[in-house]
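We name chains A, B, ... by the order of the sequence lines, and we start the count at 1 in each one.
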Number of protein chains: 2
Amino acid sequence: MLTSAKTDLIKVLADPMRLQIVQLLAVETLCTTHLVEMTGAKQTNLSNHLKVLRDAGVVETEPCGRFKYYRLCPDVLESVAESFAELAATARANADNKRAC
Amino acid sequence: MLTSAKTDLIKVLADPMRLQIVQLLAVETLCTTHLVEMTGAKQTNLSNHLKVLRDAGVVETEPCGRFKYYRLCPDVLESVAESFAELAATARANADNKRAC
DNA sequence: GGCTGACGTCAGCATGGGCTGATGCTCACA
DNA sequence: TGTGAGCATCAGCCCATGCTGACGTCAGCC
C-alpha cells in the first residue's frame, strides 16, 4: 500500500544525484571516496545525500578503518516497486469505473 | 532501466497531493469537481497538480461536456515499478561485490 | 605526538516548487 | 444571448531543499 509516509521515501529517490548513487551501489558496495570519483560531486555534497539515504533506510553503512562502505538495502526498493505495481494493477482492474458528475 | 530522465517522473509522484490524486484515480475515473471534494484542496491548486501529472503522462483527460474526466495511465506506473524492481534485483545479485579501497 | 586523509556537521546562500488570489475561457442551459 | 459552472492560466509569495565553504573529528602512518 502507498501510504502518505511513503512519499518521503519516494522524495528521497526523486533526486538525480541520489538515484545515481543508488544505481552505483546496486552494482557493488562502495565507500565515499569511490562515489566522489565516480559522480564528480564534492565530498560534502555527497555526504549530505548519503545522510538522506541513510535516514530513509535506503542504504546502510559498514565502517572499515578510515573508510566507510555503503551498501544498498534491496528491501526498501522492492517495497516501492510493489507499491507502484499494485497501484498500476488496481488502475487496470478499475479501468472502466467512471463516476457520474 | 532507470535513466536520469526518469527522475522527473519520480519527482512528479513524490508529492503527497499528487500521490493521493493518483490513488483516487486508480479506483475510478473522476473529474476535477470530484477531486476537489475528495481532497479538500482548492480548485486552482488541484488544476496545477493535474497539469503536472498530464505533462508527465501519468494521467490523460477526456472532455465530457462542461466536465473533464481524468483517467490514470497504468503503463507509466508499471514502468516505474519495473525500474525499481530491476534495481532491487541487481542489488541482491551483487550483494557480495565490494570494491577495495 | 604530529600529520594527513576520510568523513561528518554546520551555517549561509540560492534556486525550485507548492500554494493562493485574480482573471480568462468555454460549454450548457434558460 | 446572458448567466453561471467547470476548468485553466498567470503572477506573486514563501518555504523546503540542494549546493558550498569552513570547520571538527577520528583513524592510521611517519
Checklist entry - What integer distance in Å separates Asp55(B):CG from dG17(C):P? => result 13 Å
Checklist entry - For the side chain of Ser83(A) and the backbone of Ser79(A), is there at least one donor-acceptor N/O pair under 3.5 Å apart? => result yes
Checklist entry - Only one of Arg18(B), Gln20(B), Arg54(B) clears side-chain hydrogen bond (donor to acceptor under 3.5 Å, both in side chains) with His49(B); which? => result Arg18(B)
Item to check | Interatomic distance, Lys51(B) NZ vs dC7(D) C1' [rounded to whole Å] | outcome: 13 Å
Item to check | Atom pair NZ/NE2 of Lys98(A) and His34(B) - distance to nearest 0.5 Å | outcome: 11.5 Å
Item to check | Within residues 94-101 of chain B: residues closer than 4.0 Å to DNA chain D (heavy atoms) | outcome: none
Checklist entry - Could you write nucleotides 18-30 of chain D as a row of B, S and -, 5' to 3', where a protein heavy atom under 4.0 Å of any base atom gives B, of only sugar-phosphate atoms gives S, and otherwise -? => result SSBBB----BS--
Checklist entry - What nucleic acid atoms does Tyr70(A) come within less than 4.0 Å of, heavy atoms only: base, sugar-phosphate, or nothing? => result sugar-phosphate
Item to check | Check: Gln43(A) main-chain N/O paired with Ser47(A) side-chain donor or acceptor under 3.5 Å | outcome: no
Next on the checklist: Starting from Met38(B), can I reach Leu87(A) by hopping between I/L/V/M/F/W/Y residues whose side chains sit under 4.5 Å apart?
Outcome noted: yes
Checklist entry - How long is the line joining CG of Asp8(B) and P of dG16(C), in whole Å? => result 13 Å
Item to check | Closest heavy-atom pair and its distance - Thr7(B), Pro16(A) | outcome: CG2-CA, 3.8 Å
Next on the checklist: Using a 4.0 Å heavy-atom cut-off, does Thr33(B) contact any base of the nucleic acid, only the sugar-phosphate backbone, or nothing at all?
Outcome noted: sugar-phosphate
Checklist entry - Which distance, rounded to the nearest 0.5 Å, do you find between the OG1 of Thr61(A) and the CG of Leu50(A)? => result 10.0 Å
Checklist entry - In whole angstrom, what separates His34(B)'s NE2 from dG6(D)'s C1'? => result 12 Å
Checklist entry - Whole Å only: how far is the CG atom of Leu35(B) from the C1' atom of dG6(D)? => result 13 Å
Checklist entry - Whole Å only: how far is the CZ atom of Arg54(B) from the C1' atom of dA8(D)? => result 8 Å
Checklist entry - Quick check: does any side chain N or O of Asn94(B) sit under 3.5 Å from a backbone N or O of Asn97(B), one acting as donor and the other as acceptor? => result no
Could you tabulate the donor-acceptor pairs under 3.5 Å formed by side-chain atoms of residues 64-72 of chain B, not counting sequence neighbours?
residue  : atom : partner  : partner atom : Å
Tyr69(B) : OH   : Arg99(A) : O            : 2.9
Arg71(B) : NH1  : Glu60(B) : OE2          : 2.4
Arg71(B) : NH2  : Glu62(B) : OE1          : 2.8

